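Given the structure is predicted, the values throughout are model-derived calculations rather than measurements.
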Amino acid sequence: MEDDGPDADVEFWGLLYLDPLLEMRLLTAEPAVRAELAPGARPPGEALSSATLSLAGDARLGPVLRAAGIEEDFAAAVAAVLTAPDCRAFLRTPATDGEAAVAARAFVAESVRRRTTRHGSAPVLDGTARDEAVAAIGALLPGADGTGAHRGPVTRRVGRLAGRLALALASAQAVKRRSALTDAAHPAAGDVLLYLSRGAAIREAVAAAVRAARPPVVLLAHSLGGIAALDLLVLRPLPQVALLVTVGSQAPFLYELGALPSLEHGSPLPAHVPRWLNVYDRRDLLGYVGAGVFPGRVRDVAVDSRQPFPLSHSAYWSNPELYRLLARELP
């Protein structure tokens with residue numbers, strides 16, 4: 001992959017989240033990059049391997065790992081990467097510039113994978129927090145260039161390798177990606193189906209929260225919450241609500257399907273529905289735009305978490321763009 005912009009970067013991370021050792025494996029497989037060691041020579045990776053053993057206990061990393069939501073899984077992730085055969089092979093062969101960044105990316109990707117597996121959902125992690133974690137880890141490892149850049153010559157070279165190996169990798173990665181997308185979408189789909197059959201109690205809980213709040217009230221709702229909030233506001237005038245903010249929501253999609261409980265497809269939003277701001281990330285497959293189906297009644301605002309799906313569906317909450325937007329729009 002050449003350094004050809006944010007989309008390539010996001011796709012590269014999508015592969016690492018599925019296979020954290022992919023970059024190490026591809027680099028080790030390229031003989032032009034990694035020559036054989038001379039007899040008796042000390043593997044350059046020994047210094048890197050030794051330094052990583054102290055990473056988990058380094059107090060300087062705590063805040064940045066915590067901000068990325070991966071602090072709890074980081075130590076196990078480092079151990080898993082270091083003991084993997086692909087990493088041992090990577091460390092046994094002569095290093096190139098950027099080796100510290102390669103290791104840092106593997107540690108972060110494995111931390112995300114473990115957090116997602118353990119909790120059944122991805123951490124709330126946008127691209128900026130992820131890159132800050134990579135830079136902080138890499139800065140503590142031998143060979144760090146001090147730039148903090150999370151993409152460089154090594155990553156671009158991996159891209160060229162990945163291009164040559166694309167046919168071999170495509171089938172396996174497609175299976176992994178399909179499984180990951182299905183697993184990520186399944187909970188959201190199940191929640192929506194449950195809401196469609198038993199949504200009254202959820203709407204009542206939201207209405208009770210609105211009544212208890214001091215006006216003007218802002219309803220800020222994510223994913224399924226956006227469906228419930230819009231339904232409530234369509235079905236019941238709540239003049240104390242000054243603004244509806246939906247984030248990564250499927251409400252416009254359900255309306256187009258004719259599946260939104262409160263409003264038949266083709267019917268306009270009632271006049272009593274308040275101002276509506278709909279926030280979406282184009283990489284979030286569960287977030288939909290609404291201006292085309294509710295002309296003049298909803299304003300769509302795009303943010304970019306620089307994360308592939310499914311992480312993009314939860315990354316809104318660590319994305320500074322969202323909070324800057326809210327600061328401008330809150331009454």
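Listed by chain and residue number, Arg66 satisfy the side-chain hydrogen bond (donor to acceptor under 3.5 Å, both in side chains) test with Glu71 (two or more places apart in sequence, or in another chain). Among residues two or more places apart in sequence or in another chain, the salt bridge (charged side-chain N to carboxylate O under 4.0 Å, His left out) test is passed with Arg115 by none. Here Glu329 pairs with Arg275, Arg299 under the salt bridge (charged side-chain N to carboxylate O under 4.0 Å, His left out) rule; sequence neighbours left out. The salt bridge (charged side-chain N to carboxylate O under 4.0 Å, His left out) search around Asp86 returns Arg25, not counting sequence neighbours. With sequence neighbours excluded, the residues satisfying ring pair (Phe, Tyr, Trp, His ring centres under 6.0 Å) with His265 are Tyr255. Residues forming a side-chain hydrogen bond (donor to acceptor under 3.5 Å, both in side chains) with Tyr316 (at least two apart in sequence, or on another chain): Asp284. Under the side-chain hydrogen bond (donor to acceptor under 3.5 Å, both in side chains) criterion, Thr246 pairs with Trp276, Asn278, not counting sequence neighbours. Partners of Arg297 under the salt bridge (charged side-chain N to carboxylate O under 4.0 Å, His left out) rule, at least two apart in sequence or in another chain, do not exist in this structure. A search for side-chain hydrogen bond (donor to acceptor under 3.5 Å, both in side chains) contacts involving Arg88 returns nothing, not counting sequence neighbours. Under the side-chain contact (heavy atoms from CB on, under 4.5 Å) criterion, Ser314 pairs with Ala122, Val124, sequence neighbours left out.
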Just list the side-chain donor-acceptor pairs under 3.5 Å for residues 211-220, sequence neighbours left out, or say none.
none

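Here side chain to side chain donor-acceptor pair (under 3.5 Å) pairs that include residues 231-242, with residues two or more places apart or in two chains, are Tyr195-Asp231, Glu204-Arg236, Asp231-Ser262.
Gln307 and Arg130 share a side-chain donor-acceptor pair at under 3.5 Å.
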